[in-house]
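Along the sequence shown, residues carry numbers from 1.
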Amino acid sequence: YRQFLLFDTSALGDTDTIDSGSVILMTDDTLIDQLGDDTVLTDSNPGSNTSIEASDYQTMVSTTAQSDTQVDVGDYGVDLATVTFPLNAAGLATVTAARAGITKFGGRLSSDHDASIGTNATTMAAKWGSGYQSTPRYYSANYGAARAPKLTILHTTPFTPKLIMF
């Protein structure tokens with residue numbers, strides 16, 4: 001399971017410095033955690049800013065984590081709890097590159113991101129072929145602004161001196 005998280009950052013100025021930021025998700029308690037996975041915040045690049053196509057999932061192959069925080073899928077088990085991914089240098093660079101447009105993040109399970117089979121290789125190897133899954137669940141913008149994923153950014157706008165004559 002891969003997730004796409006797109007944010008409109010067009011209000012940021014082209015010359016603003018991105019100082020820090022976080023991606024914040026509101027959880028849904030219908031998770032499935034049979035593999036002991038974590039969620040990794042990555043970058044993404046779907047072909048459209050308004051819809052996801054099946055082929056977009058195949059293009060999300062980046063191994064560049066956008067946050068140094070990985071969240072255990074089991075931590076998603078409370079409805080309306082928040083999960084926060086503070087952006088690392090790569091995440092800040094993603095916002096900086098898209099600051100006057102759409103910033104694109106994604107979520108991948110750690111076993112998908114790391115090409116591993118979970119936290120216990122012996123147990124996980126048996127589960128991979130048996131239909132087990134890990135599915136973090138969080139709300140999308142379709143459930144209203146209060147539950148929508150959020151991108152918080154602290155930024156600095158360069159000072160532009162102006163001449164004022166009296």
Asks: Mark yes or no for whether Lys150, through its side chain, and Ala145, through its backbone, hold a donor-acceptor pair below 3.5 Å.
Replies: yes
Asks: Mind listing the closest non-hydrogen atom pair of Ala141 and Ala148 along with its distance?
Replies: CA-CB, 3.7 Å
Asks: Could you state the interatomic distance from OG1 (Thr9) to CG (Leu6), rounded to the nearest 0.5 Å?
Replies: 9.5 Å
Asks: Under the side-chain contact (heavy atoms from CB on, under 4.5 Å) rule, what do Asp56 and Phe4 come out as? Steps first, then yes or no, please.
Replies: CA-CA 9 Å; Asp56 290 327; Phe4 295 89; 3.8 Å; yes
Asks: Might you work through the side-chain contact (heavy atoms from CB on, under 4.5 Å) test for Lys104 and Asn49, ending with a clear yes or no?
Replies: CA-CA 9 Å; Lys104 301 174 184 181; Asn49 292 335; 3.0 Å; yes
Asks: Ser48: which residues meet the side chain to side chain donor-acceptor pair (under 3.5 Å) condition with it, sequence neighbours left out?
Replies: Thr50
Asks: Keeping the roles fixed (side chain from Ser44, backbone from Phe105), state whether a donor-acceptor pair exists under 3.5 Å.
Replies: yes
Asks: Roughly how far, to the nearest 0.5 Å, is the CZ atom of Phe7 from the CD1 atom of Ile153?
Replies: 9.0 Å
Asks: Do Ile102 and Ile52 share a hydrophobic cluster, counting only Ile, Leu, Val, Met, Phe, Trp and Tyr and linking them when any side-chain heavy atoms are less than 4.5 Å apart?
Replies: yes
Asks: Mind listing the closest non-hydrogen atom pair of Gly107 and Thr42 along with its distance?
Replies: N-OG1, 4.4 Å
Asks: Could you list the donor-acceptor pairs under 3.5 angstrom formed by side chains in residues 84-97, with sequence neighbours left out?
Replies:
residue	atom	partner	partner atom	Å
Asn88	OD1	Ala90	N	3.0
Asn88	OD1	Gly91	N	2.9
Asn88	ND2	Ala65	O	3.1
Asn88	ND2	Asp68	OD1	3.1
Thr94	OG1	Gln66	OE1	2.5
Thr94	OG1	Ala90	O	3.1
Thr96	OG1	Leu92	O	2.9

Asks: In Å and rounded to the nearest 0.5 Å, what is the CG to CG distance from Asp43 to Leu5?
Replies: 11.5 Å
Asks: As an exercise, state the distance from CG of Leu12 to CZ of Arg99, rounded to the nearest 0.5 Å.
Replies: 8.0 Å
Asks: Less than 4.5 Å apart, side chain to side chain, heavy atoms only: is that true for Ile24 and Thr152?
Replies: yes
Asks: Could you tell me the separation between the CG atom of Asp19 and the OG1 atom of Thr156, rounded to the nearest 0.5 Å?
Replies: 3.5 Å
Asks: Hey, what do you get for CZ (Arg108) to CD (Gln3), rounding to the nearest 0.5 Å?
Replies: 10.5 Å
Asks: Has the side chain of Ser67 got a donor or acceptor atom that lies under 3.5 Å from a matching backbone atom of Thr69?
Replies: yes
